[in-house]
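As the structure lists them, so they are numbered: ligands from 1, and atoms in each ligand from 1.
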Amino acid sequence: MLDLKKWRRQGKELLFLARELIAPRCCAACGAVTEEGCFCEACRQSYLAHVRETFRPRRDGYTAALGAFGENGAYLDSWLCLFRYEGLVRELIGKLKFQKEERLLQLLKEEAQLALPSAPREKLVAAYDLVAFVPTSPERLQRRGFDVPREIFSFLAGKEKMRPALLLRVRRTPPLYDLNPQERREAVAGCFAVAAPYRQQLKGKKILLCDDIFTTGSTLKEGAAELRRQGAAAVGALTFAASREAAAQAGEDSAL
Ligand SMILES: [Zn+2]
């Protein structure tokens with residue numbers, strides 16, 4: 001049987017490449033010609049959460065930009081965020097997720113790669129046994145056609161550490177953007193489960209959990225809580241973008 005999804009995807013990739021050949025890529029913020037990602041280097045700097053400057057060694061050789069997060073540090077041992085969730089970063093993620101502008105997937109992935117170059121990336125991944133992702137619900141995946149965190153961070157590590165199917169969504173959750181922190185916590189409670197094949201494999205493991213946006217952290221914390229229930233010894237988070245409010249909550253406002 002023809003794999004229609006695969007053909008559709010390859011067609012889109014070809015269109016993307018053709019577009020790149022015809023018209024030069026321009027910075028989404030200032031319009032200057034740029035070769036990689038959505039921004040020119042100057043505009044990229046203005047949106048970066050200054051990740052490169054805040055790598056500091058810790059016992060395990062790595063410290064996330066924003067440090068531990070969660071009640072008494074119980075949920076996320078560390079949290080690394082690449083971009084500020086504001087202005088055009090916010091707009092582009094919105095266009096990708098809610099208006100299905102799929103070409104942005106490749107551009108945002110390039111931005112993630114530029115924000116997390118190979119040396120710090122290797123250091124980050126070396127501190128964890130496995131890399132997992134906050135899963136998009138099956139309904140949303142069906143509608144959207146792609147899983148944003150999984151795609152954006154697909155460059156992170158080799159197959160031996162990547163576990164894209166480790167966490168599952170076991171029930172539907174409403175969109176969270178209109179809810180307050182308390183409502184968000186309630187909305188996501190119990191919405192994740194570790195997939196059956198992995199249940200016996202997490203004991204004592206350190207897991208890096210990736211997501212696209214960190215606003216109140218309720219989704220990531222719920223994912224981390226489920227990983228811990230299944231025996232994970234540590235859970236760190238990596239997010240493409242985070243809001244100022246989230247950084248303030250983490251007690252490291254200056255880092256953003
Ligand atoms: Zn620019």
Exercise. Around the Zn ion (ligand 1), what protein N, O or S atoms are found below 2.8 Å?
Worked result: Cys27 SG, Cys30 SG, Cys40 SG, Cys43 SG
For this session: Mind listing the closest non-hydrogen atom pair of Arg185 and Gln182 along with its distance?
Result: NH2-OE1, 3.1 Å
Problem set entry | Residue that, paired with Leu176, satisfies side-chain contact (heavy atoms from CB on, under 4.5 Å) out of Thr215, Ile213, Val188 | Val188
For this session: Establish, for the pair Arg229 and Phe192, whether the NZ or CZ atom is under 6.0 angstrom from the six-membered ring centre and no further than 45 degrees off its axis.
Result: no
Problem set entry | Side-chain donor-acceptor pair present, Ser154, Arg150, cut-off under 3.5 Å | no
Problem set entry | Modelled atom types, side-chain donor and acceptor of Thr136 and Asp147, under 3.5 Å | yes
Problem set entry | Gln142 atom CD: more than 12 heavy-atom contacts under 6.0 Å | no
